[in-house]
Amino acid sequence: MTTQVSGVVAEAPARPTLNMQRVFDAPRELVWRAWSNPEIMVLWMGPVEWPAVSATADFRVGGAWRICLRSPVTGENLWQGGTYREIVAPERIVFTFKWDESHEDGPPVDTLVTVRLNDTADGKTRMDLTHEGLKSEQSLTGHRHGWNSTADRLEAWLAANPD
C-alpha cells in the first residue's frame, strides 16, 4: 500500500509474515486428507491449549471454512474462519484467515495462509506454511506458537492414523 502526502510517497510498513516448515513421517495423500476433511481437521487443529471442538469446510475454491477453538481450562471459545482461494490437490491450499472477534492485539484483520505439501526423497511429506498479513509482531509471536503446536498435534494424529 502506497500513500502520497504533499508530493512525498511513503510505503506503508509491511505486516508480519510467518513462515514455517515441518516434515511429517506420512505420505502426502494422508497429510492432504487431514487438511481437506473437516471431520479429520477437528481432531488436530488448534494449539494444545486451544484444541478445535468444531470444524466445517466447504472444500472448494470460494468455499468457506470455520473452526471453533476452546480452552479446556476456561471453556472460552475462539472462532476463526475464511474462504478457500486456491486448491491444487494434493500440493497446495490457499485460504483467508480471520478471527471472529478481537484477538491478541485488537480487532481482527484478514490474513492469508498458504500450505504447500511436497514429497521428500525418503517418503515423508514436507509442509511449508506461510501466514501473511498478521497485524503485529505480537500477533506473529502468537500465531507462530499456535501453528507450531497445531503442527505437533497434526504429527501425532498422522502417527496414530497411518492409513
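Predicted model, so just to flag it, every value in this text is computed and none were measured. Residues: numbered from 1 along the sequence shown.
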Exercise. Please test T130 against N19 for side chain to side chain donor-acceptor pair (under 3.5 Å), starting from the C-alpha separation and ending with a verdict.
Key: CA-CA 5 Å; T130 303; N19 293 296; 3.2 Å; yes
Quiz item: Would E76 and R70 pass as an ion pair if we require N to O under 4.0 Å?
Solution: no
Self-check item: Sidechain N-carboxylate O distance under 4.0 Å for D128, R126
Solution: yes
If you round to the nearest 0.5 Å, how far is [atom2] of [Y] from [atom1] of [X]?
X: L69; Y: N77; atom1: CG; atom2: CG; value: 8.5 Å
X: S139; Y: L18; atom1: OG; atom2: CG; value: 9.5 Å
X: R153; Y: N148; atom1: CZ; atom2: CG; value: 14.0 Å

Spell out, yes or no, whether [X] and [Y] are grouped together once hydrophobic residues are joined by side-chain heavy atoms under 4.5 Å, including indirect joins.
X: F59; Y: M41; answer: yes
X: L112; Y: L129; answer: no
X: V42; Y: I93; answer: yes
X: W79; Y: W44; answer: no
X: W147; Y: F24; answer: yes

Quiz item: Where do S149 and W50 land on the side chain to side chain contact (heavy atoms under 4.5 Å, CB included) test, with the steps shown first?
Solution: CA-CA 10 Å; S149 183; W50 287 92; over 6 Å; no
Taking all non-hydrogen atoms of both residues into account, name the closest pair between [X] and [Y] and its distance.
X: G133; Y: V109; answer: O-CG2, 3.9 Å
X: I67; Y: A52; answer: CG2-CB, 3.9 Å
X: L117; Y: V31; answer: CD2-CG1, 3.7 Å
X: M127; Y: A151; answer: CE-CB, 4.4 Å
X: P16; Y: K135; answer: CD-C, 4.3 Å
X: L30; Y: N161; answer: CD2-O, 3.2 Å

Self-check item: side chain to side chain donor-acceptor pair (under 3.5 Å) partners of E132, counting only residues at least two apart
Solution: none
Flag side-chain contact, heavy atom, 4.5 Å: [X] against [Y]:
X: P107; Y: W99; result: no
X: R92; Y: I87; result: no
X: D25; Y: L158; result: no
X: I40; Y: W157; result: yes

Exercise. Return yes if some donor-acceptor pair links the side-chain N/O of T96 with the main-chain N/O of G82 below 3.5 Å, else return no.
Key: no
Quiz item: Where the side chain of T83 meets the backbone of G62, is there a donor-acceptor pair that is under 3.5 Å apart?
Solution: no
Quiz prompt | From CA spacing to verdict: salt bridge (Lys or Arg N to Asp or Glu O under 4.0 Å), R66, D100 | solution = CA-CA 10 Å; R66 286 193 42 82; D100 280 11; 2.9 Å; yes
Practice problem: Test R60 against Y84 for side chain to side chain contact (heavy atoms under 4.5 Å, CB included), laying out the working first. | Solution: CA-CA 6 Å; R60 62 179 177 82; Y84 292 104; over 6 Å; no
Exercise. Quick one: sort the W35 and F95 rings into parallel, tilted or perpendicular, breaks at 30° and 60°.
Key: tilted
Practice problem: Output all residues satisfying salt bridge (Lys or Arg N to Asp or Glu O under 4.0 Å) with D152, sequence neighbours left out; order by chain, then residue number. | Solution: R22
Quiz item: Going through the checks in order, is the side chain to side chain donor-acceptor pair (under 3.5 Å) test met by H131 and T111?
Solution: CA-CA 7 Å; H131 194 157; T111 60; 2.8 Å; yes
Exercise. Would you sort out whether T150 and L154 count as a side chain to side chain contact (heavy atoms under 4.5 Å, CB included), showing the intermediate values?
Key: CA-CA 6 Å; T150 297; L154 173 56; 5.7 Å; no
Quiz item: What about H143 and F97, are their ring centers closer than 6.0 Å?
Solution: yes
Quiz item: Would T141 and Q138 count as a side chain to side chain contact (heavy atoms under 4.5 Å, CB included) if you check the C-alpha gap in whole Å, the side-chain angles of each, and the deciding distance to 0.1 Å?
Solution: CA-CA 5 Å; T141 298; Q138 178 181 351; 5.8 Å; no
Exercise. May I ask you to check whether over 12 heavy atoms, not counting those of E101, lie within 6.0 Å of atom CD?
Key: no
